[in-house]
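Here the structure is laid out as structure tokens; the discussion comes afterwards.
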Amino acid sequence: MSVTHLIESPTKADGAQLWRIARDSAKLDLNSPYAYMLWCRDFAETSVVAREDGKAVGFVIGYRRPDAPEAALVWQVAVDASQRGKGLAGALLDALYTRLVGQGVRYLETTITPDNEASIRLFTSFAKRWNAAVETSVLFAGEDFPEAGHLPEELYRIGPLTTRKDPGE
């Protein structure tokens, strides 16, 4: 399905909408509204928001790792329920990493719990579109978390990224 949303960097004004999308996803670890507002101000260059009729309907928030600037970590991806199944999450990742590769980023990193099949599909599909390898390892074991029963967070490292694979190939 073709995605025709406006995809751009978030602004401070987007923070509250991003928090609502994350909250309504019922899947993400929800941060405070303040955190999303700060994210939109301080990490706008490593994040993107999709808009429909001026309203945020999806986002990817991430950052470049200070100790490894060739890697940008995706913190969260969320799409409004009204937009799911349209390929928007993949389009957001592609738009963000097209920009970041132009700035020297060569690896996408993210963490995914082993039961999150939708995220695993999203990121392995990204790797295929970009003709890039996927390496996985456990970044944080379940017992590293303060609450009992937390699943491990597996690090997905995708790259090296150069240019996106031609969709016609």
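Side-chain contact check for L30 versus Y36: some heavy-atom pair is nearer than 4.5 Å. The closest side-chain heavy-atom distance from L93 to F123 is below 4.5 Å. I7 has its side chain out of reach of V49: every pair of non-hydrogen atoms, C-beta onward, lies at least 4.5 Å apart. Side-chain contact check for I120 versus E154: every heavy-atom pair is 4.5 Å or farther apart. Two residues are said to be in side-chain contact when any heavy atoms from C-beta on lie closer than 4.5 Å; V74 and F126 fail this criterion. Taking the side chain as every heavy atom from C-beta outward, R41 and M37 never approach each other to under 4.5 Å. Within the 4.5 Å cutoff, the side chain of T110 has no heavy atoms near those of the W75 side chain. In this structure, Y34 and W19 have side chains that are not in contact, with every pair of non-hydrogen atoms separated by 4.5 Å or more.
Scanning both residues, C40 and L18, for their nearest heavy atoms gives SG-CD2, 3.6 Å. The minimum heavy-atom distance linking S9 with R99 is given by the pair OG-NH2, 3.1 Å. Here the closest heavy-atom approach between residue V134 and residue A127 is recorded as CG2-CB, 3.3 Å. When all heavy atoms of I61 and S47 are compared, the closest pair comes out as CA-OG, 3.3 Å. Between N31 and A35 the shortest heavy-atom distance is CB-CB, 3.9 Å. T46 approaches G62 most closely through the heavy-atom pair OG1-O, 2.6 Å.
Cluster annotation: L108 and V77 are assigned to the same hydrophobic cluster (Ile/Leu/Val/Met/Phe/Trp/Tyr, side-chain heavy-atom contacts under 4.5 Å, transitive). Y63 and V60 are assigned to two separate hydrophobic clusters, defined by single-linkage of ILVMFWY side chains at heavy-atom distances under 4.5 Å. In the hydrophobic clustering of ILVMFWY residues, with side-chain heavy atoms under 4.5 Å counting as a link, L100 and Y156 come out together. I112 and F140 fall into different hydrophobic clusters, where Ile, Leu, Val, Met, Phe, Trp and Tyr residues are linked whenever their side-chain heavy atoms come under 4.5 Å apart, directly or through other members. Under the 4.5 Å side-chain contact rule for hydrophobic residues, L161 and Y107 do not share a cluster.
With hydrogens and angles disregarded, no donor-acceptor distance shorter than 3.5 Å links the side chain of N116 to the backbone of T113. Side-chain atoms of R64 come within 3.5 Å of backbone N or O of P69 as a donor-acceptor pair.
In this structure, the separation between CZ on F59 and CG on L96 is 12.5 Å, given to the nearest 0.5 Å.
Aromatic ring pairs are classed by plane angle as parallel below 30°, tilted from 30° to 60° and perpendicular above 60°; the pair F145 and H150 is parallel.
Using a 4.0 Å cut-off between charged side-chain N and carboxylate O, D53 and K55 make no salt bridge.
Surrounding CG of D115 are more than 12 heavy atoms belonging to other residues, nucleotides or ligands, all under 6.0 Å away. For CZ of F43, the number of neighbouring non-hydrogen atoms (other residues, nucleotides, ligands) closer than 6.0 Å is greater than 12.
D94 and W130 share a donor-acceptor pair across their side chains, judged by distance under 3.5 Å alone. Checking Q83 against H5 by side-chain atom types alone, a donor-acceptor pair falls below 3.5 Å. Side-chain contact annotation: R157 with S137, donor-acceptor N/O pair under 3.5 Å absent.
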